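Please read the structure below before turning to the comments.
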Protein chains: 2
Amino acid sequence: MRQNPARRAALLDAAIEVLAREGARGLTFRAVDVEAQVPNGTASNYFDNRDDMLTQIGYRFYERLEPDPGMLAAGLEGPRDRAKVTQLMHDLVDRISRFRSGYLALLELRLEATRRPELRRLLTERIRADVDANIRYHTEAGLPGDATTVILLYLALNWLIVERLTLPDVFPEDRIHDLVTDVVERILPGPGQSA
Amino acid sequence: MRQNPARRAALLDAAIEVLAREGARGLTFRAVDVEAQVPNGTASNYFDNRDDMLTQIGYRFYERLEPDPGMLAAGLEGPRDRAKVTQLMHDLVDRISRFRSGYLALLELRLEATRRPELRRLLTERIRADVDANIRYHTEAGLPGDATTVILLYLALNWLIVERLTLPDVFPEDRIHDLVTDVVERILPGPGQSA
DNA sequence: TTGACACCACTCTAGATGTAGTACTACGTT
DNA sequence: AACGTAGTACTACATCTAGAGTGGTGTCAA
């Protein structure tokens, strides 16, 4: 078990790419070595086994997902109405969709979590924290809607992203934008005044 | 390539179980043979290769998912109000959740579809048909809400099921029921009269 | 000089694939 | 009733692949 944290991070990022591109089946130490352009055996030196690697991928993913402070601040500017939420949700969907490999890797991790208790614990904790943070942010910013609103947005947008990333022709790309708008308009109460 | 359709179906059902339980990595001809309790080499005789098998699993899944005629009829009884939709959605979520292995296998297939054009085509077609059928059923039954409503229900409930099946502790089991209710109440317009 | 790491090479192992060969069953033919 | 044929089931095998893990050597920095 090597210590070099930069190298470990590089390996994990490579692992995320492999996981997204080749699937759980293609995720091997070797493949990670190749993707990270390091000599064979390196990944093997950094991770005890596949289990260990998968868990560390989970950590790494959330490390990379730390929300952009600039973005958070942007959410606090201007009026707190429904249009604002719509814009925030568009930004959110775009940001996640742009990290395609990360999101696909996370889906793979979810499925793996089905069989790996430690991974399951990790993901459960992170996602709960994520949902809670969204709720807190939303309500503290005085945006319209309550905790349930935020959860519903979370549910609908997540699947919308799944659909977009895995079967892009079910909802054609040019309808995605409208769908995000629809989601917000239908889920948020009232015609746009704050709370 | 053998013809016996009963045996082929049994193999595919076994494959669904393996896919859900062991993941894409564990899905091998051998594993399917074992699961189906047939001699080694049988799956190899029935499928050209893994690709072929995965595609056939996709077909088989939708074969098994044919909606229950009794259930469809039940949706047409009684008043067409919001309570009715809530009940239908509860039934839907329960029905899918009960076929846990099938749904998990389908998620695996979605991820595989990322790399397999034929599988992607198949799933796209089936899911589109499924969504369209839901919309048609919903509107023709005179249930409250329009096409967008149905799509939003589809989005939110799908992710709710993902959450339930992969990370059951994010939303504890006893809150799922309330969440389904919330989803319907927030997404459906008005206080419950028909359309 | 020591320790941590990068790099390289090698072996071991496991597991999967696909096929060749045999046996069985059912059906049709004469 | 005997025979032949086709389609399967079953078994065993030969092959192949690739990945895991480790030991050894070189390198750099404290």
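These numbers come from the heavy atoms of this one structure, side chains and all, not from hydrogens, waters or symmetry mates. The model shown is predicted, which means the values in this text are computed figures rather than measured ones. Within every chain, numbering begins at 1; the chains are lettered A, B, ... in the order of the sequence lines, protein sequences first and strands thereafter.
Contacts of N49(A) with the nucleic acid, taken as non-hydrogen atoms under 4.0 Å apart, are absent. Base contact: N45(B) has a heavy atom under 4.0 Å from a base atom.
Atom CD of Q3(A) and atom P of dA29(D) are 19 Å apart (whole Å). Summarising the geometry, the separation between CE on M1(B) and C1' on dG18(C) is reported as 14 Å, rounded to the nearest angstrom. One interatomic measurement links the two molecules: CZ of R30(A) to C1' of dT17(D), which rounds to 11 Å at whole-angstrom precision. In this structure, CZ of F47(B) is placed 14 Å from P of dT8(D), rounded to the nearest angstrom. Remark: P of dA20(D) and CG of L27(A) are 9 Å apart, rounded to the nearest angstrom. We find that CG of L11(A) is positioned 11 Å from P of dC7(C), with the value rounded to whole Å. Here dC8(C) presents its P atom at 13 Å from CD of Q37(A), a figure rounded to the nearest Å. Atom CG in D48(A) sits about 12 Å away from atom C1' in dG21(D), given to the nearest Å.
Ion pairing between R121(B) and E118(B) fails under the 4.0 Å rule for side-chain N and carboxylate O. Between R25(B) and E112(A) there is no salt bridge, since no side-chain N of the basic residue sits under 4.0 Å from a carboxylate O of the acidic one. A salt bridge does not link R115(B) to D51(B): none of the charged side-chain nitrogens sits closer than 4.0 Å to a carboxylate oxygen.
When distances are taken from the side chain of Y46(B) to each of dG19(D), dC10(D), dT8(D), the shortest belongs to dT8(D). Checked against dC8(C), dA16(C), dA20(D), the side chain of T28(B) finds its nearest nucleotide in dA16(C).
In terms of hydrophobic clustering, with Ile, Leu, Val, Met, Phe, Trp and Tyr side chains grouped at heavy-atom distances under 4.5 Å, Y59(B) and M53(B) are assigned to a common cluster.
Between the K84(B) side chain and the P144(B) main chain, no donor and acceptor come within less than 3.5 Å of each other.
Of the two residues near DNA chain D, G41(A) and A31(A), the one whose nearest nucleotide lies more 5' is A31(A). Map R25(B) and N4(B) each onto its nearest nucleotide of DNA chain D; the residue landing nearer the 5' end is N4(B).
Between the side chain of R7(A) and the base of dA6(C), no donor-acceptor pair under 3.5 Å is found. Donor-acceptor pairing under 3.5 Å, judged by distance alone, is absent between the side chain of R2(A) and the base of dA4(C).
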